[in-house]
Amino acid sequence: MYHILAPGISALLVGTAIVSTYINYVVPEPYLDEAFHIPQAQAYCRNAFKTWDPKLTTPAGLYITTYPLSYVAECTPALLRSVNAWGIAVLIPILVYNILGYIHPRKQRSEAVHEAINVALFPLLWFFSGLFYTDVYSTVWVLWSYLAWLRGCVGYSSVTAWWALWFRQTNVLWTGFFIVLEVGRRIKSVHEKLVDGEGKAVTGKTVAASSRKTTGKKKKGKKRRGRVEMEEKKVGEVPEASLEAEVEDGPWTIDIKSNGNVKGRGVKNDGYWRKLLEVMRKVEPWNPVFNEEVTAQDFFFRTPITHLLSIIPNTPAVIFPTFPYLLVIISFAAFIIWNDFSIVLGDKSAHQPTLHLPQIFYFTLFTTMASLPLLLSPNLLYHFYDQNIGIYITTPPSSSRARKTPKLTIPHTKLLRTITLLTIILAIIWRNTYFHPYLLADNRHYVFYIFRRTLLAHPLIRYLAAPVYFASTWTVLHTLRTSRSVNVLWVYAWAMAVAGTLVTAGLVEFRYFVLGWVIWRVNIHVECAWRRWAETVGFVFVNLATVYVFTQWGFEWKQERGVVQRFMW
């Protein structure tokens, strides 16, 4: 049956196969990290499952994936590399296309196909279609898990999330991403059922109002706005005080019943907290679409507080649906304990967790530069100036009789916020800039030359980059705002996963940015066809250039004569 994806995947598959064949012709032997991955995969192909290279840092997911090839042919480097080529040219476009259908249901199918191909052409991904690295299938399985979550299949999503850990351990943070999203979905569902069953619930704006003291009497059967109506007592029962009355009297009031027994403090306290939990259960979780109307108060206070108040009394309704994901977290914790409390399997001394906050700025800057054809416009520049600086010179209209003297408008609050954020960025640069020994010693990666010609060129350059980091971070978030395709809780979950992946890594590697960019890219909205084509042309140009440099610009190290070194991501 014909599918609209078929032509795009066919073209991508042919192009990827040609380039992969060319790479295998020029570089037939394992290169760099392939020197560890390929022999290990070949050992599995020989059924030597007890053989393990202590230098390998990731689990055996990639080698298990390629093991079935041993029943078809010999596991040569070219055959093993073809698995990644298949993942790039076929699996990723299919997954992205289906994900786009859920996130942007109004998007035309042809546009979704084009964007799916563009994601597969992303240079940090597509380059490794010709090599045997873990990045491709790490991305495949996280995307598969995301698609399953979008479809509401939590069990299936948790299985694929667990399998993603076998390709890269930091994918556990994307399991946390799914947990946050599922908690938000379940809390919303619980609240909707409550509203349908019991009437209007307490909203985020009226949480404070529900605990105010009242002295006036309410008419029978009439609700007061912002209050939660208590259930009517059964005939014969002793009426209990309302929540407001208990707050007024205090939770430690001692009641003397007619039979002479004393109602202890614990009982009275239990009744108070029971009613407090009832109020919390009816709090509306505030999780609006992340757009220009969401204020800082909504983002930093209202959303987390209302969700916390909703989760506390509805814990079973949250725990049970997310339990499959929690099993993934538990299995990962067991792995950490078994592995002597280390996240990597081998070469642990060179992969110690290091607090490295500037990694967030490197990611947002890279994301902005990689997606510049989608973002850059006069409208973007205007919004950046208006929202972060906003200094204007205005003159009275020509019809005004007032003296036409230009007036300088200075938004002090806006400028104070911008200066505060820039100060925080400067403080992070000053106290937390870190250069890993591998970064300074290995001149085979592009990041080595980028850092040597920028941040390492002069000590002041790293501080001059602060406004650039500020602008790129604002651009990444502003694009999500204008896309109107995610909610506030999604932004929390995504930022947590991206930051958690990066800030603990001392070594700067562009490959660590892949998943953060891909998840961001499938959620932003691209309107113009020419922007998608500009992205395609840019990605194809970068891909061909990096392949040409990798295959043709070989060099030698003085300490390793006769061994060709090559430039790569």
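Counting from 1, the numbers follow the sequence of the chain as shown. Given the structure is predicted, the values throughout are model-derived calculations rather than measurements.
Within 6.0 Å of the CZ atom in Phe301, the count of heavy atoms belonging to other residues, nucleotides or ligands does not exceed 12. Atom OH of Tyr446 has more than 12 neighbouring heavy atoms from other residues, nucleotides or ligands inside a 6.0 Å radius. Counting heavy atoms of neighbouring residues, nucleotides and ligands inside a 6.0 Å radius, atom CZ of Phe320 does not exceed 12 of them. In the displayed structure, Trp144 atom CH2 is contacted under 6.0 Å by at most 12 heavy atoms of other residues, nucleotides or ligands. Within a 6.0 Å sphere centred on NZ of Lys188, heavy atoms belonging to other residues, nucleotides or ligands number 12 at most. The environment of CH2 in Trp166 is sparse: at most 12 heavy-atom neighbours from other residues, nucleotides or ligands sit within 6.0 Å. Other residues, nucleotides and ligands place more than 12 heavy atoms under 6.0 Å from the CZ atom of Phe49.
Between the side chain of Thr303 and the main chain of Asp298, a donor-acceptor pair closer than 3.5 Å is present. For His478 (side chain) and Glu292 (main-chain N/O), no donor-acceptor pair under 3.5 Å exists by modelled atom type. A donor-acceptor pair is defined here as one N or O able to donate and one able to accept, closer than 3.5 Å; no such pair exists between the side chain of Asn339 and the backbone of Phe341. In this structure a side-chain-to-backbone donor-acceptor pair under 3.5 Å is missing from Ser129 to Leu125. A donor-acceptor distance shorter than 3.5 angstrom exists from the side chain of Asn287 to the backbone of Leu489, with no hydrogens or angles considered. Remark: the backbone N or O of Leu374 is not paired with any side-chain donor or acceptor of Glu535 at under 3.5 angstrom. Checked by atom type and distance alone, the side chain of Thr322 never pairs as donor or acceptor with a backbone atom of Ile179 at under 3.5 Å. Tyr137 places a side-chain N or O within donor-acceptor distance of the main-chain N or O of Val83, the cut-off being under 3.5 Å. A distance-only check finds no donor-acceptor pair linking the side chain of Asp53 to the backbone of Phe36 [under 3.5 Å]. Formation of a donor-acceptor pair under 3.5 Å by the Thr76 side chain with backbone atoms of Leu79 is found in this model.
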Discussion item. Thr546 vs Met568, test: side-chain contact (heavy atoms from CB on, under 4.5 Å). Steps then yes/no.
Written reply: CA-CA 7 Å; Thr546 51; Met568 60 182 294; over 6 Å; no
Item to complete: Quick one: do Tyr133 and Arg511 satisfy side chain to side chain donor-acceptor pair (under 3.5 Å)? Show the steps, please.
Response: CA-CA 11 Å; Tyr133 274 63; Arg511 294 185 296 126; over 6 Å; no
Practice prompt. For side chain to side chain donor-acceptor pair (under 3.5 Å), just list the numbers for Ser145 and Trp174, CA-CA rounded to whole Å, side-chain angles, deciding distance to a tenth of an Å, and then say yes or no.
Written response: CA-CA 9 Å; Ser145 185; Trp174 292 103; over 6 Å; no
Item to complete: Take Thr536 and His114 through the test side chain to side chain donor-acceptor pair (under 3.5 Å) and record every step on the way to the result.
Response: CA-CA 9 Å; Thr536 305; His114 194 170; 2.8 Å; yes
Worksheet entry | Stepwise side chain to side chain donor-acceptor pair (under 3.5 Å) check, Thr21 with Asn24 | CA-CA 5 Å; Thr21 302; Asn24 283 309; 5.6 Å; no
Practice prompt. I would like to know whether Asp135 and Arg168 meet side-chain contact (heavy atoms from CB on, under 4.5 Å); could you show each step before the answer?
Written response: CA-CA 8 Å; Asp135 302 81; Arg168 182 157 292 171; 3.2 Å; yes
Worksheet item: Step by step, would you call Val503 with Phe363 a side-chain contact (heavy atoms from CB on, under 4.5 Å)?
Response: CA-CA 11 Å; Val503 299; Phe363 167 77; over 6 Å; no
Discussion item. Quick one, Phe470 with Phe361, criterion ring-ring contact (aromatic ring centres under 6.0 Å, His included). Give me CA distance, side-chain angles, the key distance, then yes/no.
Written reply: CA-CA 8 Å; Phe470 175 81; Phe361 307 138; 10.0 Å; no
Discussion item. Assess the residue pair Ile329 and Phe332 against the criterion (side-chain contact (heavy atoms from CB on, under 4.5 Å)); give the C-alpha distance rounded to whole Å, side-chain angles, the decisive distance to 0.1 Å, and a yes or no.
Written reply: CA-CA 5 Å; Ile329 302 295; Phe332 180 77; 5.7 Å; no
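Considering CG of Asp33 and OG1 of Thr134, their distance stands at 8.5 Å, rounded to 0.5 Å. Taken to the nearest 0.5 Å, the OG1 atom of Thr139 stands 10.5 Å off from the CZ atom of Phe128. Atom CZ of residue Arg481 and atom CG of residue Asn291 lie 7.5 Å apart, to the nearest 0.5 angstrom. Atom OH of Tyr469 is separated from atom CD1 of Ile360 by 12.5 Å, given to the nearest 0.5 angstrom.
The ring of Phe550 has its center closer than 6.0 angstrom to the ring center of Phe127. Between Tyr31 and Phe132, the ring centre distance reaches or exceeds 6.0 Å.
No donor-acceptor contact under 3.5 angstrom links the side chains of Arg532 and Asn118, judged on distance only. Under 3.5 Å, the side chains of Thr501 and Thr170 contain no donor-acceptor pair of N or O atoms. Residues Ser138 and Asn171 bring a donor and an acceptor atom of their side chains to less than 3.5 Å of each other. Under the 3.5 Å distance criterion, with hydrogens and angles disregarded, no donor-acceptor pair is assigned to the side chains of Thr367 and Trp520. One side chain, Ser472 or Thr364, offers a donor N or O that lies under 3.5 Å from an acceptor on the other. A donor-acceptor pair shorter than 3.5 Å can be found between the side chains of Ser157 and Tyr325. In this structure, a donor-acceptor pair under 3.5 Å is absent between the side chains of Tyr156 and Arg151. Using a 3.5 Å distance cut-off with no hydrogens or angles, the side chains of Ser371 and Trp517 do pair a donor with an acceptor. Residues His37 and Tyr63 bring a donor and an acceptor atom of their side chains to less than 3.5 Å of each other.
No side-chain heavy atom of Asn84 sits under 4.5 Å from any side-chain heavy atom of Leu131. For the pair Ile9/Ile94, a side-chain contact is recorded, criterion being any heavy-atom separation below 4.5 Å from C-beta on. Residues Pro358 and Asn432 meet the side-chain proximity criterion, which asks for heavy atoms closer than 4.5 Å. At a threshold of 4.5 Å between non-hydrogen side-chain atoms, the residues Pro304 and Tyr492 count as touching.
Using a 4.0 Å cut-off between a side-chain N of Lys or Arg and a carboxylate O of Asp or Glu, Glu111 and Arg106 do not qualify as a salt bridge. A salt bridge links Asp442 to Arg444: at least one charged side-chain nitrogen sits closer than 4.0 Å to a carboxylate oxygen. Comment: Glu182 engages Arg186 in a salt bridge, judged by a side-chain N to carboxylate O separation of less than 4.0 angstrom.
Ser110 and Ile4 make their closest contact through N-CD1, 3.9 Å (heavy atoms, listed as atom of the first residue, atom of the second, distance). The two atoms that bring Tyr44 and Ile64 nearest to each other are CE2-CG1, 4.1 Å, heavy atoms only. For the residue pair Val328 and Ser158, the shortest heavy atom distance occurs at CG2-O, 3.4 Å. Contact detail for Ile336 and Ser342: the closest heavy-atom pair is CD1-O, 3.5 Å.
At least one cation-pi condition fails for Arg81 and Trp86: the charged atom is not both under 6.0 angstrom from the six-membered ring centre and inside a 45 degree cone around its axis.
Ring-plane geometry between Phe510 and Phe513 is classed as tilted, the angle between the planes lying from 30 to 60 degrees on a 0 to 90 degree scale. Between Tyr146 and Phe177, the ring-plane angle classifies as perpendicular under the 30° and 60° cut-offs. Ring geometry, Tyr362 versus His356: the interplanar angle exceeds 60°, so the pair is classed perpendicular (tilted spans 30 to 60°).
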